2 protein chains.
Amino acid sequence: MADQLREAREGLIQSLGRVSAFWGFSKIVGQLYGLLYLSPAPLSLDDMAVALGASKGNVSINVRLLERLGMVRKVWQRGERKDYYEAETDFWQIVKDILREREKKEFDQALRSVSDCLRLAAEVTGRTGAGTPIRAEAAFVEGRLRRMEEFFKLIDGFVHSVLVLEDLRFPPPFGSGRGGADPAGTPTR
Amino acid sequence: MADQLREAREGLIQSLGRVSAFWGFSKIVGQLYGLLYLSPAPLSLDDMAVALGASKGNVSINVRLLERLGMVRKVWQRGERKDYYEAETDFWQIVKDILREREKKEFDQALRSVSDCLRLAAEVTGRTGAGTPIRAEAAFVEGRLRRMEEFFKLIDGFVHSVLVLEDLRFPPPFGSGRGGADPAGTPTR
DNA sequence: TAATATGTTTAGGAAACGCTGAACGACGGG
DNA sequence: CCCGTCGTTCAGCGTTTCCTAAACATATTA
């Protein structure tokens, strides 16, 4: 009975560990999220460390990464001096945060770089006489770069639309802060 | 003039190297693709090796990875004994191939695992008497797992629709094989 | 068959990474 | 003011990853 529950828990923890590793994070990041996600009550640093058999230091670093990604929240337990963490259960919120935090930065840089290269190539085609071999080459490079820029902009637009679409569905209360009530989380407690 | 062209080329190569590393591949994978993408003519193994200052072995392994991902094609030059490679320029095709090759496998496994865990937890809730503490715990875990499964299935459906949507836009000629002419690639040659 | 050209595999070293355990600093209570 | 409790940081270590150079396999030509 209880064993089966434990099995389910650990199954998810292991599984999310895999996912995490696959996406270039360390395994423990996913495991931490899985642990918190299936925990009815918030957990302390030590709770997590013993549950996963990892060192405090390791947990400290990676749980803060999760917090930076918006996948986990620090919650204060009245009377307690420890930090407690609980999982963010709104997956769309998580997707948005990750898109902003991780993808967007790196992606924007790539897009900018491609645009820069395109400008360079375009200058060459503009300034060289028609018919010269270097002109033909530059025209080719320019064409390819333009196609790539187009594609990148398409993706960028898509990401943007995901971000604003969700913002509309869960509008922030007033000026700032996180909006919308947890749509289906935390049945217990 | 020509220097500027070279600068544009190397800019893209460097940039795609970054992107590649960011997505968990080695840097040279992206660089190879950038090199081929901006090359008017197919390149041989040695061409790529000297262009990127890498060893033949390294290029051999990574260009085959690109081929497996569908980002690069082997082309035979008449009379030549070497293998030549050129870039696949249809980015949507590439996205599809990558979704199939990389994401889908790993993702399906995660989804299956979550479903398994869910089944386990559901069994516990089904078999324990109402009101017991273990029952409450199991119900909580079951609820969370169900929400996660839902989300995963949603993503799965999205990926599926991308795959079939594009298949409809570029239908394969008859029984099998790659369909649709390159929509905007290869202006030179 | 020997000689040449080409692609692949592999052994080994270098660099990067992840994790631990201990040291450290901050903070609050006795 | 000191002591215990926390969270964070960091040096060290083992593992993994990446890359090169050389050996190897295969195919082509003389």
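Quick caveat: nothing in here was measured; it's all calculated off a predicted structure. A note on names: the letters A, B, ... follow the listed sequences, proteins ahead of strands, and every chain is numbered from 1.
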Plane angle bin for W92(B) and F151(A) - parallel if under 30°, tilted between 30 and 60°, otherwise perpendicular: perpendicular
Under the salt bridge (Lys or Arg N to Asp or Glu O under 4.0 Å) test, residues paired with E80(B) that sit two or more places apart: none
For R135(A), side-chain hydrogen bond (donor to acceptor under 3.5 Å, both in side chains) partners two or more places apart: none
Length of the line joining L32(B):CG and dC19(D):C1', which is rounded to integer Å: 13 Å
Cluster companions of Y84(B) among Ile, Leu, Val, Met, Phe, Trp, Tyr (side-chain spacing under 4.5 Å): V75(B)
Residue pair C117(B) / A8(A): nearest heavy atoms and the distance that separates them: SG-O, 3.4 Å
What side-chain donor-acceptor pairs closer than 3.5 Å can you find for residues 156-163 of chain A, not counting sequence neighbours?
residue, atom, partner, partner atom, Å
D156(A), OD1, K104(A), NZ, 3.1
S161(A), OG, G157(A), O, 3.4
S161(A), OG, F158(A), O, 2.6

Any residue meeting salt bridge (Lys or Arg N to Asp or Glu O under 4.0 Å) with R112(B), in chain and number order, not counting sequence neighbours: none
Inter- and intrachain pairs under salt bridge (charged side-chain N to carboxylate O under 4.0 Å, His left out), touching residues 11-32 of chain B, at least two apart: E106(A)-R18(B)
4.5 Å side-chain heavy-atom contact, T128(A) and Q4(B): no
Of all pairs that satisfy salt bridge (charged side-chain N to carboxylate O under 4.0 Å, His left out), the ones with a partner from residues 34-61 of chain A, not counting sequence neighbours: none
Neighbours of DNA chain D within residues 11-25 of chain A, by heavy-atom distance under 4.0 Å: none
Spacing between I28(B) atom CD1 and dC19(D) atom C1', to the nearest angstrom: 9 Å
Separation of dT17(D) C1' from N58(B) CG (nearest whole Å): 12 Å
Terminal contacting nucleotides, 5' and 3', DNA chain C versus chain A (heavy atom, 4.0 Å): dG18(C) to dC27(C)
Between the protein and nucleotides 4-7 of chain D, are there any N/O to N/O pairs under 3.5 Å, and if so, what are the atom names and distances?
residue, atom, partner, partner atom, Å
dG4(D), N2, R81(A), NH2, 3.4
dT5(D), O2, R81(A), NH2, 3.2
dG7(D), OP1, D83(A), N, 2.7
dG7(D), OP2, D46(A), OD1, 3.4
dG7(D), N7, K56(A), NZ, 3.0

Euclidean distance, L65(B) CG relative to S60(B) OG, rounded to 0.5 Å: 11.5 Å
Distance-only polar pair, side chains of Q93(B) and E88(B), donor-acceptor under 3.5 Å: no
Angle between terminal axes - the helix from dT1(C)-dA30(D) to dG30(C)-dC1(D), 5 pairs each end, rounded to 10°: 10°
Salt bridge (Lys or Arg N to Asp or Glu O under 4.0 Å) partners for R68(A), two or more places apart: E101(A)
